[in-house]
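Following: one structure in structure tokens, then a few remarks.
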Amino acid sequence: HITNPANILQGVHTWNLASAYGGIGVLIESPQTRIMQCYMDFNDMVVTTPIQDISVEDGFFLGGGKLLLRALSNDSTIDGLSVFDNQFVASNQNDNVIAVDEANGKF
């Protein structure tokens with residue numbers, strides 16, 4: 001759970017409670033964070049707004065694990081999001097590998 005800015009998270013492997021059962025691999029609630037070479041093993045990476053200067057690179061998302069962008073207010077913004085060189089192995093072909101959650105707000 002990341003709550004302060006200017007972080008680098010590298011080489012983390014999450015395998016706790018699967019996201020299908022309510023688990024979260026990594027929860028990012030702050031701007032200016034780099035996530036590099038991390039392994040989401042059946043877990044989601046959740047990024048909450050405001051999303052600013054976030055980089056997700058060289059990661060591996062297995063078993064339906066996805067990158068979830070979560071809006072928390074009706075004027076939520078994304079300013080500086082970079083997602084590249086990641087591998088997503090979905091549980092089935094209908095799984096979204098990058099998803100938007102607007103249950104509590106709008107982008």
Side-chain angles (χ1 to χ4, degrees):
H1 185 191
I2 300 171
T3 58
N4 291 307
N7 294 285
I8 295 177
L9 194 62
Q10 184 173 15
V12 173
H13 178 189
T14 67
W15 65 90
N16 55 335
L17 182 63
S19 292
Y21 300 105
I24 295 175
V26 176
L27 175 60
I28 303 167
E29 295 184 308
S30 70
Q32 302 162 343
T33 299
R34 294 179 66 195
I35 309 295
M36 303 173 351
Q37 302 157 343
C38 291
Y39 181 4
M40 301 291 107
D41 199 343
F42 287 80
N43 297 136
D44 292 346
M45 180 181 299
V46 179
V47 183
T48 64
T49 57
I51 298 172
Q52 178 186 11
D53 301 328
I54 303 288
S55 179
V56 181
E57 55 191 84
D58 298 320
F60 185 65
F61 294 75
L62 178 67
K66 63 183 164 290
L67 177 60
L68 182 63
L69 308 175
R70 182 173 288 161
L72 298 179
S73 67
N74 284 331
D75 59 350
S76 295
T77 60
I78 299 174
D79 180 21
L81 173 65
S82 176
V83 180
F84 64 95
D85 290 339
N86 294 284
Q87 292 181 328
F88 295 88
V89 180
S91 297
N92 65 62
Q93 66 183 19
N94 295 324
D95 285 343
N96 291 320
V97 295
I98 299 177
V100 174
D101 175 2
E102 292 184 308
N104 297 314
K106 300 289 181 203
F107 284 105

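Please read all numbers here as calculations on a predicted model, not as lab measurements.
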Can any side-chain N or O of [X] pair as donor or acceptor with the backbone N or O of [Y] at less than 3.5 Å?
| X | Y | result |
| --- | --- | --- |
| D79 | I51 | no |
| S30 | N4 | yes |
| D44 | V46 | no |
| N43 | L17 | yes |
| S19 | G64 | no |
| N16 | I24 | yes |
| N74 | G105 | no |
| T77 | P50 | no |

(request) Given side-chain contact (heavy atoms from CB on, under 4.5 Å), test V26 with T14 step by step and report yes or no. (result) CA-CA 8 Å; V26 176; T14 67; 4.1 Å; yes
Considering all heavy atoms, the nearest [X]-[Y] contact:
| X | Y | value |
| --- | --- | --- |
| G63 | F42 | O-CD2, 3.4 Å |
| P5 | Q32 | CB-OE1, 3.6 Å |
| V83 | I98 | CG1-CD1, 4.1 Å |
| K66 | A99 | CD-CB, 3.9 Å |
| M36 | R34 | SD-NH2, 3.2 Å |

(request) Please determine which of Q10, H13, E57 meets the side chain to side chain donor-acceptor pair (under 3.5 Å) test together with Q37. (result)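 Between Q37 and the candidates, side chain to side chain donor-acceptor pair (under 3.5 Å) is satisfied uniquely by Q10.
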Point-to-point distance, once rounded to the nearest 0.5 Å, from [atom1] of [X] to [atom2] of [Y]:
| X | Y | atom1 | atom2 | answer |
| --- | --- | --- | --- | --- |
| I35 | L9 | CD1 | CG | 4.5 Å |
| M45 | I2 | CE | CD1 | 8.0 Å |
| D53 | I78 | CG | CD1 | 12.5 Å |
| Y39 | F61 | OH | CZ | 12.0 Å |
| T49 | D75 | OG1 | CG | 8.5 Å |

(message) If the test is side-chain contact (heavy atoms from CB on, under 4.5 Å), which one of L81, D101, I54 qualifies with L69?
(response)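 For L69, the side-chain contact (heavy atoms from CB on, under 4.5 Å) check succeeds only for L81.
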Side-chain heavy atoms of [X] within contact of [Y], under 4.5 Å:
| X | Y | answer |
| --- | --- | --- |
| V100 | F107 | yes |
| S55 | F84 | yes |
| L62 | M40 | no |

(message) Please tell me whether V12 and V56 are part of a single hydrophobic cluster in this structure, the criterion being side-chain heavy atoms less than 4.5 Å apart.
(response)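 Yes, same cluster.
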(message) Is it the case that over 12 heavy atoms from other parts of the model lie below 6.0 angstrom from the OH atom of Y21?
(response)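 Result for OH/Y21: open.
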